[in-house]
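Written out below as structure tokens is the structure these notes cover.
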Amino acid sequence: MSFLNDLNPVQREAVKATNGPVMIIAGAGSGKTRVLTYRIAHLLQCGVPPYQILALTFTNKAANEMKERIVKLVGGHSHELWMGTFHSLFARILRREAALLGYSSSFTIYDTDDSLGAIKKCMARLNISPQQLQPQVVRSRIGHAKNHLLSHTVLAEMATDFVDEKVARIYEEYEKSLLRSNAMDFDDLLVKPIELFRKQKDVLEKYHRRFKFILVDEFQDTNRAQYEVMKLLAARHRNICVVGDDAQSIYAFRGADIRNILDFAKDYPECQTYRLEQNYRSTKNILSVADRLIRHNVDQLKKQLWTENPVGEPVKVLECSDDRDEAYHIVQALQQEIIDHQLGLKDIAILYRTNAQSRALEDALRRTGIPYVIVGGIRFYERKEIKDVLAYLRLLANPRDDESFARVVNYPSRGIGETSLDHLSHYAQQRNFSLFAAAGEVDRIPGMQDRAKKSIAQFRSFIDKYASLRHQMSLSELSRSMVDELGILKSFKEEGTAESMARWENVQELLSAISEFSNEQPDGTLEAFLEEVSLVSDIDSWQGTRNVVTLMTLHASKGLEFPVVFIAGLDEGLLPFYSTTIERTELEEERRLMYVGITRAQRKLYLTRTRMRYRFGELTFTSPSRFLTEIGLEAVQLVESKPGRHVAESLLEGSPWTPQRKKTPARRMHHEKHSVRDEMPNYEEESQEVVELKKGSLVEHEMFGKGKVIQISGRGDAMKATVHFDEVGVKSLIVKFARLKAVS
């Protein structure tokens, strides 16, 4: 137990309180992950078998990091722990018990797009047009109902208007469609276990015997379904430990219910509560700003964060003219941080409230040649070419998957038109068949052309062929052979554009991922691989090892930390985000979101805002965020900012958030404290000798590394080179400013 000496007194008490319900209120940067990890290690050292411990996290990344730490503390036998995300662990239980719910163990997990596609088809069958009711709205309402454990029957009984009635009907049809397709959506992975445990008491008893200790991370972000399934599993032993921070509850839009943490003691009146209040991450100045902000929330559990870290530099507030000017100054400031403190690009994060804000920031970073990565853009497994290949693999695992069938039956093109697919779908509906089953009787379908019948039959034969080969080839060989026979990679190469080559590269990367999975899990099944990729989150795929600036939304940043953080867009209506009015509970969540952003910063924090901003295509004048007022002028340092060359300096006059200063000529300034020195080149003003480029040339860029030119367009100063770099992928560069060097 010597590892317990690594903990502070409160952490140690929380770790050793193993019996009965325990709630650990863990402030930002207070060592929450360490406490969870050490608590599990302590249980193992006390003789608890690893398979009797259920540890629920919100990301696979967090689960994997904790597993690695536990192995270092107590050894390899901890691999038998049930540790992972809610969705992954309950999917594992559902695969074991699927037959009791009318499913097979090879059920498909539908993502958001799959669910939306299924809902659109349900609406078409019910003659409800998208003009009457938007499918996205229907999907959102069904998800909300599932998270609150409301069946379609209850939803129908609660209906008060036309929309509610229609949603309830679609919900019922959608559930039938999922069962017919042997598919579950993300919400089902939480709802179905509750249905299972309530109906099958012997199954619940089995898992009571199995899981004697339950630990839940990020408890403030659980929804009612998650809370209920935990309550069912913990009912016998009541050894449930929840860890969270009400001040970081930011996912109400996904169904998270802050009442779960605020009211935990009501359901578990005997619970022991521990408050982790020592912050190990941030400076005193950053922590002070966070505290001044969050104290304005009414709904919160009492705690007072403190730190032994240095006071640190003041939090800096920068007001700019517009979003382009804001991006310009953020880039200047991050360059200065790199020079002054010898930081790497990966030490810097730029956070914002909405994804749309990234455009101006990306433009500014590209102009200065600074590489960056966006966390939460189009995820790898959501790219079209990846979803197409995965749809084939999903059909091999689950031929009843109608969404996957419809996606690829005519990809690559087989000459199967919409009319033929309508005939197939109608035939399947009449007989309660899956589309794949109906394809086996294609010759019996009236009204379909012979060419389409032949193509559909060939498609089914193709799937049957590779389904039969599943047990004769490795997963890696199977997938590569199938992709080769489909000719997808060949068609991308023949197209030869930058976009098609990027798609070619993505499919190759998918095949590499399958090979890695096969090597790491020799006994791993196709179903296991598909489940793993279907549950990947943005943060799971972000490693933070590449030396690039990180751009992400405030929501995506939770759980991360960076030496330097910029929070952009502190304009009223943007942060906090609202259109006309905002309710108190919504405002408090926005404040918690801002608090999360502030507490990501370890050593330096910048807050920026604009006097005007383009929103929804129109230029609007903005006022400072109320959060700046709540933090207070006395807690921050206003930074003198010179407008970018494209805006008028007069726009900055008269704001309470702009420091008073003398007029200065609109030329490049060299203030020792605030300007960017010449150690970082200005790519907008300086150009180098341009190397002669052609398609196929090998080049080197000082930040992106080595690469190969795959396309040249334009002439003279407007010439652009599309280059595939070994480390960062495809980039489009203006040759005049790119500083490319020829590589022999």
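Being a predicted model, the structure only gives us computed values, none of them experimental.
The side-chain hydrogen bond (donor to acceptor under 3.5 Å, both in side chains) test applied to S697 returns no partner, not counting sequence neighbours. Under the rule for a salt bridge (charged side-chain N to carboxylate O under 4.0 Å, His left out), the partners of R141 that lie at least two apart in sequence or sit in another chain are D164.
A side-chain N or O of D185 and one of Y174 form a donor-acceptor pair less than 3.5 Å apart. Residues S88 and T85 have side chains that bring a donor and an acceptor to within less than 3.5 angstrom of each other. Side chain to side chain, S358 and E362 meet the donor-acceptor criterion of an N or O pair below 3.5 Å. Using modelled atom types, one finds no donor on one side chain facing an acceptor on the other under 3.5 Å when comparing S491 with E494. Using modelled atom types, one finds a donor on one side chain and an acceptor on the other under 3.5 Å when comparing S476 with S515.
A donor-acceptor pair under 3.5 Å is formed between the side chain of Q357 and the backbone N or O of T354.
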- Query: So I330 and L365, side chain to side chain contact (heavy atoms under 4.5 Å, CB included) or not? Walk me through it.
  - Reply: CA-CA 9 Å; I330 286 174; L365 289 165; over 6 Å; no
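With ring centers used as reference points, F459 lies under 6.0 Å from F405.
Taken from NZ in K120 to CD1 in I128, the straight-line distance is 15.0 Å, to the nearest 0.5 Å.
Using a cutoff of 4.0 Å between basic side-chain nitrogens and carboxylate oxygens, K490 and E485 are not scored as salt-bridged. Taking a cutoff of 4.0 Å between a charged side-chain nitrogen and a carboxylate oxygen, R95 and E531 qualify as a salt bridge. Ion pairing between D484 and R480 fails under the 4.0 Å rule for side-chain N and carboxylate O.
Annotation: R359, atom CZ; neighbour count of heavy atoms from other residues, nucleotides and ligands within 6.0 Å does not exceed 12. Within 6.0 Å of the CD atom in E418, the count of heavy atoms belonging to other residues, nucleotides or ligands does not exceed 12.
Within the structure, side-chain hydrogen bond (donor to acceptor under 3.5 Å, both in side chains) pairs that include any residue of residues 401-413 comprise T108-D401, Y110-D401, K121-E403, D388-R407, R394-D401, R394-S404, D401-S404 (at least two apart or interchain).
Closest non-hydrogen pair, D323 versus A360, comes out as O-CB, 3.8 Å. Between T57 and M66, the shortest heavy-atom distance links the atoms CG2-SD, 4.2 Å. Contact between E532 and F517 at its shortest, heavy atoms only, is OE1-CE1, 3.8 Å. In plain terms, the two heavy atoms of I416 and V409 that are nearest each other are CD1-O, 3.5 Å.
A cation-pi arrangement is absent between R600 and F562, since the terminal nitrogen or guanidinium carbon is not both under 6.0 Å from the aromatic centre and inside a 45° cone about the axis.
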